[in-house]
Undergrad: 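One structure, pasted below without further comment.
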Amino acid sequence: MSVIFAPSLLSADFARIADQIAEIEAGGADFLHLDVMDGRFVPNLTWGPKIIGDLRKLSQRPFDCHLMIVEPERYVDDFRAAGADIITFHYEATPHAQRLLAHIRSLGAKAGISICPQTPVAMLQDIIEDCDLVLVMSVNPGFGGQKFIPRSYEKLREARALIDARNPACILEVDGGVGKENLRAVVDAGARAIVMGSSVFGTDAPAATLREMRALLSNS
Ligand code: DX5
Ligand code: ZN
């Protein structure tokens with residue numbers, strides 16, 4: 001089974017971002033996960049389309065943009081124009097998720113939806129066919145370095161079952177508090193794209209860390 005590694009640049013050192021991207025690519029990063037925060041949907045701020053457009057020049061890997069913003073429908077066109085390949089917004093951030101998923105697809109991007117820890121997987125039942133990616137948040141979004149919420153394993157299993165039954169091509173992604181100690185467990189629960197921030201960039205050698213993580217998944 002192939003598992004996608006999506007290191008989150010949230011925990012990278014932006015003073016040497018080109019080197020940091022080169023390191024994770026050397027370590028086998030499949031996607032670059034880019035966390036967009038607006039200080040309203042989540043209590044933190046990061047970057048917008050300009051920075052993503054600049055980063056685009058540094059990498060050929062798919063850009064996996066995680067929008068933690070209110071009114072995401074106002075900005076998806078700008079993120080697509082900046083080079084986002086996957087655009088994931090929050091179920092909790094818009095009353096018209098199905099329309100937005102369809103619109104993202106119409107832009108030629110993959111459409112993702114994310115659920116916060118308090119949102120049941122069942123809320124995706126009527127829109128699962130419209131999703132190219134489902135992102136189960138395993139922490140409350142806003143910050144790197146938080147502790148994995150154990151209930152997320154059950155949510156991943158539920159999401160896996162929904163995806164297998166109704167839209168097997170949909171990617172199931174997990175984000176928050178994942179590292180060497182629980183990587184195997186989230187994959188066993190059904191995740192196929194793994195976002196990792198502090199557990200990769202918080203180490204001295206991100207490339208070596210990613211290789212060790214890959215090895216952990218091949219020993220089974
Ligand atoms: C948090 C972000 C994550 C963050 C994960 O709201 O969505 O992508 O970078 O960081 P870690 O892996 O450190 O929990
Ligand atoms: Zn994220």
Side-chain angles (χ1 to χ4, degrees), residues 3-14 17 20-21 23-24 27 29-48 51-52 55 61-70 72 75-76 79 84-93 109-119 131-153 155-156 159 171-187 189 191-204 206 209-210 212-213 216:
V3 173
I4 292 162
F5 280 177
S8 164
L9 297 192
L10 183 65
S11 293
D13 178 357
F14 265 72
I17 194 62
Q20 297 258 274
I21 289 174
E23 285 172 51
I24 56 169
D30 300 291
F31 292 171
L32 267 57
H33 184 83
L34 293 153
D35 291 297
V36 177
M37 303 185 186
D38 65 354
R40 293 186 63 205
F41 184 71
V42 289
N44 196 4
L45 293 159
T46 56
W47 48 74
I51 301 288
I52 288 177
L55 295 174
R61 299 286 200 281
F63 273 20
D64 174 27
C65 292
H66 177 192
L67 306 185
M68 286 161 276
I69 62 177
V70 299
Y75 300 101
V76 293
F79 284 104
D85 299 286
I86 303 166
I87 301 176
T88 299
F89 63 91
H90 268 266
Y91 169 85
E92 303 85 0
K110 288 193 185 303
I113 193 160
S114 182
I115 52 173
C116 285
Q118 86 275 13
T119 301
C131 302
D132 299 307
L133 182 146
V134 165
L135 170 53
V136 171
M137 284 306 299
S138 41
V139 298
N140 287 289
F143 301 94
Q146 302 182 80
K147 198 172 168 331
F148 184 91
I149 297 172
R151 167 75 191 164
S152 310
Y153 292 123
K155 293 182 73 173
L156 287 170
I171 297 169
L172 179 55
E173 185 171 60
V174 63
D175 185 0
V178 179
K180 283 179 195 164
E181 66 293 344
N182 57 359
L183 174 61
R184 179 88 238 173
V186 294
V187 171
R192 294 293 176 268
I194 318 295
V195 179
M196 292 177 286
S198 51
S199 62
V200 170
F201 287 107
T203 65
D204 293 336
T209 302
L210 278 172
E212 283 171 39
M213 292 188 175
L216 286 174

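Both counts, for ligands and for their atoms, begin at 1 and track the order of listing. Owing to the predicted nature of the structure, the values given are computational and were not obtained by experimental measurement.
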Undergrad: When you measure from the Zn ion (ligand 2) to each N, O or S atom of Asp35, which atom gives the shortest distance?
TA: OD1
Undergrad: Are the side chain of Ser138 and the backbone N or O of Asp175 linked by a donor-acceptor pair below 3.5 Å?
TA: yes
Undergrad: Verify side chain to side chain donor-acceptor pair (under 3.5 Å) between His33 and Asp35, making sure each step is shown before the conclusion.
TA: CA-CA 7 Å; His33 184 83; Asp35 291 297; 2.9 Å; yes
Undergrad: Which N or O atoms of ligand 1 sit under 3.5 Å from a protein N or O, and how far apart is each pair?
TA:
unit_1	atom_1	unit_2	atom_2	d
ligand 1	6 (O)	Gly142	N	2.7
ligand 1	7 (O)	Asp35	OD1	3.0
ligand 1	7 (O)	His66	ND1	3.3
ligand 1	7 (O)	Asp175	OD2	2.9
ligand 1	8 (O)	His33	NE2	3.4
ligand 1	8 (O)	Asp35	OD1	3.1
ligand 1	8 (O)	Asp35	OD2	2.9
ligand 1	8 (O)	Asp175	OD1	2.8
ligand 1	8 (O)	Asp175	OD2	3.0
ligand 1	9 (O)	Ser8	OG	2.7
ligand 1	9 (O)	Asp35	OD2	3.3
ligand 1	12 (O)	Gly197	N	2.8
ligand 1	13 (O)	Gly145	N	2.8
ligand 1	13 (O)	Ser198	N	3.0
ligand 1	13 (O)	Ser198	OG	2.5
ligand 1	14 (O)	Gly177	N	2.8

Undergrad: For Tyr91, does the OH atom have more than 12 heavy-atom neighbours from other residues, nucleotides or ligands under 6.0 Å away?
TA: no
Undergrad: Check whether any side-chain heavy atom of Leu67 lies under 4.5 Å from a side-chain heavy atom of Val76, and answer yes or no.
TA: yes
Undergrad: Are any of the side-chain heavy atoms of Phe31 and Asp85 separated by less than 4.5 Å?
TA: no
Undergrad: What is the name of the N/O/S atom in His66 that sits closest to the Zn ion (ligand 2)?
TA: ND1
Undergrad: Taking all atoms of both residues into account, what is the closest heavy-atom pair of Cys116 and Met137, and its distance?
TA: CA-CB, 4.1 Å
Undergrad: On a heavy-atom basis, which atom in Gly142 and which in Met37 lie closest, and how many Å separate them?
TA: O-SD, 3.2 Å
Undergrad: To make sure I understand the geometry: which N, O or S atom in Asp175 is closest to the Zn ion (ligand 2)?
TA: OD2
